[in-house]
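Just so it is clear, the values below take in all heavy atoms, side chains as well, and ignore hydrogens, waters and symmetry mates. Because the structure is predicted, anything quoted here is derived from the model rather than measured. The chains referred to below are lettered A, B, ... by the order of the sequence lines, with proteins before strands, and numbering in each begins at 1.
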Amino acid sequence: MGMVLGTFSMQTKQVIYRRDKVDDELEMTMVCHRPEGLEQLEAQTNFSKQELQVLYRGFKNECPSGVVNEETFKHIYAQFFPHGDASTYAHYLFRAFDTTNNGSIKFEEFVMGLSTLLRGTVRDKLEWTFHLYDINRDGFISKEEMTDIVRAIYDMMGKYTYPALKGDVPKQHVDAFFQKMDKNKDGVVTLEEFVLACQEDETMMRSMQLFENVM
Amino acid sequence: MAAGVATWLPFARAAAVGWLPLAKKTMPKPPVDKKSRSDEILIVNVSGLRFQTWKNTLDRYPDTLLGSSEKEFFYNEDTQEYFFDRDPEMFRHILNFYRTGKLHYPRQECIQAFDEELAFYGIVPDIIGDCCMEEYRDRKKENQERLAEDTEAEMATDVPLPPNSTPRERLWRAFENPHTSTMALVFYYVTGFFIAVSVIANVVETVPCRPPKGSVKDLPCGEKYSVAFFCMDTACVLIFTFEYLMRLFAAPSRCKFMRSVMSVIDVVAIMPYYIGLVMPENEDVSGAFVTLRVFRVFRIFKFSRHSQGLRILGYTLKSCASELGFLLFSLTMAIIIFATVMFYAEKGTKGTNFTSIPASFWYTIVTMTTLGYGDMVPNTIAGKIFGSICSLSGVLVIALPVPVIVSNFSRIYHQNQRADKMRAQQVRGRGASSALALFTHLSLICKCGFFSPQDHDSDSAALCLKNRSSFEHQHHHLLHCLEKTTNHEFTDELTYSEMCMTESVGYRTSRSTSLSSQQVVSSSCCPRRAKRRAIRLANSTVSVSRGSVQELDTLQVLKSSAVPQSRSSLNARTEDLKLNCEQRDYTAAIISIPTPPANTPDESLPPSPAVPGILRNSRSISSFTHETVKISSL
């Protein structure tokens, strides 16, 4: 009897061969990027020296090579949202942070993004958000772009929500958004329309204050 | 990975600004971090070796000694450092765990010393990284086996017979440990002698003896001296039967004894004789009886009571069952494949031995085990080629599991040798030394008992309520923001399926008016609200729905404990830190969740009256502010 069980137990152990990952990782560790000096970063961002130090220590701990690539970024972000699929939204976030568009986030880009989000003016934050939504960087948010973003956000919720996601909830959400933002009803939202509409929204302005002491 | 995730949390929370334009409601207030944010360097002095680290590093794991306020007990005011009188070499590994999030097991250290250090610092060994887990488990298993054997040996031999033991107990003890009394020893040797005699008689009776006068044919000795052999057989069986009955009488648990391997062997050894006695002297039946005599060879297994090596062999084979099973399985596969191939390769040849695939099995087995009898040989070229491939693969397949079996046998054999040595030592030097050894062994086992997570239930419950780390608060806040953005809440699979079920129930109860049914269909995001309206409208089914909805409430509250577990599983992976009590402490989980899930959405749906007390507690402990929740009964 033990032999029969033993047979099946040895059978079901599967061996996964990883070939490409090792090469990738070797490559990553070769690329070593060092950020500009502490003073320069302090001048460019709204963080103090201590805050930059804390940020860099954490960053370096996670990414010894000094840069974050999209895979790692998606993996990290997905850990915060175990219920759903955070990869699409993480992709958009990655593109928003990667201002130089070279497929990897350096510490400077990371810190600049954080500085805008946490210590920037309201206008800065709104501009950042606009650039996040504007996927193709044409200066306009179209309905398709917005739908993609909203779908990505709803994906993060996962399948099991209360109330259950029935019908095309993202589409309804996008329609509501456009109704609020698109003043001249031309089907796209420009930066000015966006900023204006957001500044009129009391709820949003109040919420913006809440995120100031995240660091 | 827990350390890394904590570093990126501020980033994830900052990115939540991107959700703000989409959110329809205000975001919840973030948790206030009361601790001072500026990081400081702590000095930890372990037996003179000074380690310095950031305070934040140690705070990553609040369920351990260094991460919690427990370390204040070791704080030395004069030198402004934390002093631990422990092994500094081991502490390196402990501190590395805090820094990197991975616990490594140093191979040169003793497993028990390592375990003791982990227990002291409050770290559960299960979080050892994959790189070192295998080694750790092997050493731990070896150690435990050794300890178990030692205590077993001690308890078996050390404990003297209680003075008022019954003759039955004394008899059993005599059987199990023959060296305790001379009578038992004599019996032991007598049975051993008779087993040998019986086996030799079985063997000799088949040897051809010189035929008696007046006959030409050679006769086996058994038939020539049949009376003598019969008498010897009878004597042996009588002794064996007597021994078996004595053991059966003396056994403390007769059922268990009858099921044990040795007693089965005993029975099988003596059965053929008795069956032969009762069997009639019929010609055809006696043919079957002759086959039964084969079972007499099982008497040789009775030697295993006398030989420890045999017992070790048996135990090894039992513990290598999976490897043996694999060997058997792969051999069978290979045999079938090659037999098929050889059969079809040799099919054309005239007068071939390979008449069928089962007939080719014999050839394949003989070739794979490199026996090569030569009674079946392939003639065609294809057959010869496949035959050579067959023999090469046979060597490989058989050689693979053998080292595993060998290493198992070697480990068990060495353990036994150790046990014997210890037993011999104890016989020589009884007294304080053995008692001390017993005491230390038992205390070590008690300490090992600490490692089982079950012990931590009561302690960690209290610890959990206080040590909800700021990381978890912030993570909950982030998830809460997402809920507010999408205007949906997280729930788990069970409540989701419950909801789907009750939706269909609500649909059925709203049979009275088309309005209510429309509401159920259209307002798809609020099925419970529609169900409530349906309940008010459909008079006849009110009691039924109320009962089911109430049930649903209580069910959801009970099952909602699953939600915060999965939410805050990031502090460490839930399988990482067993002390992380989200796994086991359900009530604490309910108390600390920021959003009482599925029961109090913003539309005034009241939760079940059964849990108002728990919900109120949640507000007092958690640092969130919520819109007030109307708690009313159904």
Side-chain angles (χ1 to χ4, degrees), chain A residues 2-11 50 54 58-59 61-62 76-77 79-83 93 96 110 113-114 117-118 125-126 128-129 132-133 149-150 153-154 156-167 169 173 176-177 181 194 198 201 203-204 206-208 210-211 213-215, chain B residues 1 3-5 7-30 37-39 318 321-326 328-329 475 478-479 482-483 485-486 488-493 495-496 499-500 503 524-528 566-567 569-570 597-598 601:
Chain A
M3 288 190 187
V4 173
L5 289 175
T7 310
F8 285 110
S9 73
M10 295 282 303
Q11 251 187 305
Q50 273 82 358
V54 170
F59 187 83
N61 225 3
E62 276 317 290
I76 292 172
Y77 202 70
Q79 303 227 342
F80 291 109
F81 302 97
H83 296 267
L93 257 189
F110 176 71
L114 270 187
L117 285 173
L118 297 176
K125 292 182 191 172
L126 291 174
W128 190 91
T129 317
L132 172 69
Y133 295 159
I149 298 268
V150 171
I153 293 180
Y154 273 88
M156 284 199 287
M157 289 292 293
K159 199 169 109 180
Y160 304 118
T161 58
Y162 172 75
L165 287 165
K166 293 247 175 73
V169 176
H173 206 133
F177 177 80
M181 300 281 164
F194 184 75
C198 288
D201 188 349
T203 335
M204 194 190 312
R206 244 179 303 143
S207 304
M208 285 244 178
L210 295 174
F211 282 91
N213 59 346
V214 163
M215 261 299 292
Chain B
M1 196 61 195
V5 163
T7 333
W8 287 84
L9 184 62
F11 158 77
R13 296 180 69 213
V17 167
W19 300 337
L20 289 180
L22 290 165
K24 295 178 183 149
K25 296 180 216 66
T26 339
M27 291 293 160
K29 271 222 200 106
R37 296 303 274 157
S38 64
D39 215 351
K318 198 167 64 169
S322 75
E323 281 82 29
L324 286 173
F326 169 66
L328 207 66
F329 178 70
H475 186 228
L478 180 66
L479 291 172
L482 183 61
E483 284 181 342
T485 311
T486 56
H488 285 70
E489 284 170 12
F490 288 108
T491 172
D492 63 342
E493 194 173 345
T495 37
Y496 183 74
M499 256 173 0
C500 293
E503 261 176 46
S524 49
C525 59
C526 307
R528 289 180 68 205
S566 50
R567 267 191 190 184
S569 61
L570 290 183

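Under the ring-ring contact (aromatic ring centres under 6.0 Å, His included) criterion, A:Phe110 pairs with A:Phe59, B:Trp8, B:Phe11, sequence neighbours left out. Qualifying side-chain hydrogen bond (donor to acceptor under 3.5 Å, both in side chains) partners for B:Trp19, counting only residues two or more places apart in sequence or in other chains: A:Tyr89.
Chain A forms the most heavy-atom pairs under 4.5 Å with one residue out of B:Ala15, B:Ala12, B:Pro21, and that residue is B:Pro21. Highest contact tally toward chain B, considering only A:Phe177, A:Trp128, A:Phe194, A:Tyr154, is held by A:Tyr154 [criterion: heavy-atom pairs under 4.5 Å].
A:Leu93 touches chain B through its side chain: at least one heavy atom from C-beta onward sits under 4.5 Å away, while N, CA, C and O do not. Only the side chain of A:Thr129 has a heavy atom closer than 4.5 Å to any heavy atom of chain B.
Between A:Met157 and B:Glu483, some side-chain heavy-atom pair lies under the 4.5 Å cut-off.
Using cut-offs of 30° and 60° on the angle between ring planes, the pair A:Phe81 and A:Tyr77 is tilted.
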